[in-house]
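I have placed the structure first, in the form of structure tokens, so that the comments after it can refer back to it.
Positions are given from 1 along the sequence.
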Amino acid sequence: MVDEYAVKNQFNGTVLVQNNHKIIYHKSFGVAERSFNSKVTNETKYQVCSITKTFTAVLILQLVEKGKINLNSKIRDYLTDYKGRGGDKVNIRQLLNHTSGMKNTDTVKDANFLKHGIGFYHFPYPLKDIVNKFCSNDLINEPGTKFDYNNGEYMILGRILEVIYEKSFEEILNKEILVPLGMHNSGLLSHYKLIKGLATPYYKDKSLDHLIPNIPIYVEDFSAAGAMYSTTSDLIKFNNALFDFKLLKKETLDELLTPGLDDYGYSVWIRGAEKYKRMERYGRIAGANAVWFHYLNKDLSIIILSNTNLTDLGDYAFRIGKTIL
């Protein structure tokens with residue numbers, strides 16, 4: 001079924017399926033770099049985009065467990081120089097579940113992607129400047145009342161981590177998660193790094209009859225909201241550590257997985273009836289695409305990473321889960 005779906009839906013990437021802590025399927029399809037026709041392998045690295053948010057959420061909740069962050073505290077309790085109107089109104093919990101009420105950091109729609117680019121991501125900025133310049137917007141909704149998916153909220157969370165740890169987000173991510181878990185093929189992307197084995201993302205919209213490489217951006221600007229790269233083998237290590245309570249206590253993980261507005265917890269959606277109840281986490285930046293499902297009552301995990309936007313990865317993961325269950 002997985003192979004047939006890949007062919008029928010032009011899938012290009014890697015699929016990993018783990019059932020009862022045993023990998024039962026791990027296979028790659030297609031091309032990593034089209035200029036040289038280099039094949040994708042199970043070791044290929046991909047941009048995982050907003051899967052980064054779950055790493056950020058875990059880092060925040062680890063500090064909650066240590067008593068260094070209170071989820072009800074406000075942005076300015078940690079970022080004393082924060083200029084936005086939400087500084088004294090928006091709390092950490094509302095950043096985690098996208099209910100801050102702040103005007104969205106990202107205003108560019110897919111339809112304008114090729115014509116107008118994607119906002120400030122075409123210029124390099126340190127995270128502190130991104131928060132000050134682009135994540136200090138006015139409030140357009142009362143905090144806690146409306147779900148609005150906003151990268152800026154996780155950029156603020158990343159900056160809070162930097163202030164508390166007195167280290168860069170990259171250093172924190174490495175020290176607290178990637179190195180302890182042996183995720184040696186994961187990290188933060190940068191325009192100034194050459195990452196061996198990283199797949200080039202390719203994008204297609206309705207105005208094109210062919211794929212093109214992603215337009216040039218400084219992907220590191222996504223930072224704590226979406227700048228990571230990884231492999232399927234590394235992400236399943238994170239999956240297992242998270243759900244085996246090695247990164248967070250059970251009660252803390254339960255809070256992360258408690259759905260609020262739009263069925264969203266902290267960085268993840270919780271969907272499905274009891275048998276199919278699952279955590280869903282998506283990532284997408286133009287041609288770079290990723291999906292991570294974990295079925296909460298069946299110990300089934302599905303990770304799909306791709307370097308094109310040709311395939312609906314959510315549908316793919318759902319069909320795999322339904323076939324198994």
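Proximity of Phe11 to Leu310: side-chain heavy atoms (C-beta onward) are nowhere separated by under 4.5 Å. Counting heavy atoms from C-beta on, the side chains of Asp315 and Arg319 come closer than 4.5 Å. At a threshold of 4.5 Å between non-hydrogen side-chain atoms, the residues Ile177 and Ile172 do not count as touching. Side-chain contact between Tyr218 and His122 is absent, with no heavy-atom pair separated by less than 4.5 Å. Side-chain atoms of Leu173 and Met228, non-hydrogen and from C-beta on, do get closer than 4.5 Å to each other. Counting heavy atoms from C-beta on, the side chains of Ile23 and His26 come closer than 4.5 Å. Looking only at side-chain heavy atoms (C-beta outward), Glu280 and Val291 stay at 4.5 Å or farther from each other. At a threshold of 4.5 Å between non-hydrogen side-chain atoms, the residues Leu253 and Phe243 count as touching.
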- request: Could you give me the CA-CA distance, side-chain angles and deciding distance for Asn137 and Arg85, then say whether side chain to side chain contact (heavy atoms under 4.5 Å, CB included) is met?
  value: CA-CA 7 Å; Asn137 296 330; Arg85 285 180 54 209; over 6 Å; no
task: Test Phe293 against Phe318 for ring-ring contact (aromatic ring centres under 6.0 Å, His included), laying out the working first.
output: CA-CA 8 Å; Phe293 279 18; Phe318 178 78; 7.5 Å; no
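The line from CG of Leu256 to CG of Leu96 is 8.0 Å long, rounded to the nearest 0.5 Å. Rounded to the nearest 0.5 angstrom, Ile217 CD1 and Phe120 CZ are separated by 10.0 Å. For the atom pair OG1 (Thr232) and CG (Leu16), the distance works out to 5.0 Å, reported to the nearest 0.5 Å. For the atom pair NE2 (His210) and CD1 (Ile212), the distance works out to 6.5 Å, reported to the nearest 0.5 Å. Separating the CG atom in Leu79 from the NZ atom in Lys128 is a distance of 10.0 Å, to the nearest 0.5 Å.
The aromatic rings of Tyr264 and His98 lie tilted to each other, with the angle between the two planes from 30° to 60°. Ring geometry for Phe134 versus Tyr125: interplanar angle over 60°, hence perpendicular rather than tilted (30 to 60°).
Cation-pi contact between Arg34 and Tyr202: present, with separation from the ring centre below 6.0 Å and deviation from the ring axis of at most 45°.
Between Glu153 and Ser100, the side chains place a donor N or O and an acceptor N or O closer than 3.5 Å (distance only, hydrogens not considered). Between the side chains of Asn12 and Ser306, no donor-acceptor pair is found at a separation under 3.5 Å. Residues Tyr229 and Asn185 have side chains that never bring a donor and an acceptor to within less than 3.5 angstrom of each other. Side-chain contact, Tyr276 with Arg271: no donor N or O sits under 3.5 Å from an acceptor N or O. Thr252 and Glu65 share a side-chain donor-acceptor pair at under 3.5 Å. Defined by atom type and a distance below 3.5 Å, a donor-acceptor pair is missing between the side-chain atoms of Thr258 and Glu255. A side-chain N or O of Tyr149 and one of Ser50 form a donor-acceptor pair less than 3.5 Å apart. A donor-acceptor contact closer than 3.5 angstrom is absent between the side chains of Asp299 and Gln18. Counted by atom type alone, Asn42 and Thr14 present zero donor-acceptor pairs between their side chains at under 3.5 Å. Residues Lys53 and Thr56 bring no donor and acceptor atom of their side chains to less than 3.5 Å of each other. A donor atom on one side chain and an acceptor atom on the other are not found under 3.5 Å apart for Ser38 and Glu33.
Proximity of a side-chain donor or acceptor of Asn214 to a complementary backbone N or O of Ile285 within less than 3.5 Å is detected. With hydrogens and angles disregarded, no donor-acceptor distance shorter than 3.5 Å links the side chain of Gln47 to the backbone of Cys49. Remark: side-chain polar atoms of Glu171 are paired, donor with acceptor, to backbone N or O of Ser168 under 3.5 angstrom. Between the side chain of Asn70 and the main chain of Asn72, a donor-acceptor pair closer than 3.5 Å is present. Remark: side-chain polar atoms of Ser223 are not paired, donor with acceptor, to backbone N or O of Phe169 under 3.5 angstrom. Of the possible donor and acceptor atoms, one in the side chain of Asn9 sits under 3.5 Å from a partner among the backbone N and O of Tyr5. Remark: the backbone N or O of Arg284 is not paired with any side-chain donor or acceptor of Asn289 at under 3.5 angstrom. The closest donor-acceptor contact from the side chain of Lys45 to the backbone of Lys196 lies under 3.5 Å. The closest donor-acceptor contact from the side chain of Asn307 to the backbone of Pro201 lies at 3.5 Å or more, if one exists at all. Remark: side-chain polar atoms of Asn174 are not paired, donor with acceptor, to backbone N or O of Val179 under 3.5 angstrom.
Taking a cutoff of 4.0 Å between a charged side-chain nitrogen and a carboxylate oxygen, Arg76 and Asp88 qualify as a salt bridge. Using a cut-off of 4.0 Å between Lys/Arg side-chain N and Asp/Glu carboxylate O, Glu274 and Lys277 are scored as not salt-bridged.
Take Asp244 and apply the side-chain hydrogen bond (donor to acceptor under 3.5 Å, both in side chains) test, not counting sequence neighbours, and it matches His21.
Annotation for Glu4: atom CD does not count as buried by contact number, only 12 or fewer foreign heavy atoms lying within 6.0 Å. For Lys204, the NZ atom sits in a packed shell: over 12 heavy atoms of surrounding residues, nucleotides or ligands are nearer than 6.0 Å. For NZ of Lys193, the number of neighbouring non-hydrogen atoms (other residues, nucleotides, ligands) closer than 6.0 Å is greater than 12. The local environment of OH in Tyr192 is crowded, with over 12 non-hydrogen atoms from other residues, nucleotides or ligands closer than 6.0 Å. Other residues, nucleotides and ligands contribute more than 12 heavy atoms inside 6.0 Å of the NZ atom of Lys237.
Cluster partners of Ile140 are absent, since no Ile, Leu, Val, Met, Phe, Trp or Tyr has side-chain heavy atoms less than 4.5 Å from it.
Of the options Phe238, Trp269, Tyr282, a ring-ring contact (aromatic ring centres under 6.0 Å, His included) to Trp292 is made by Phe238 and by none of the others.
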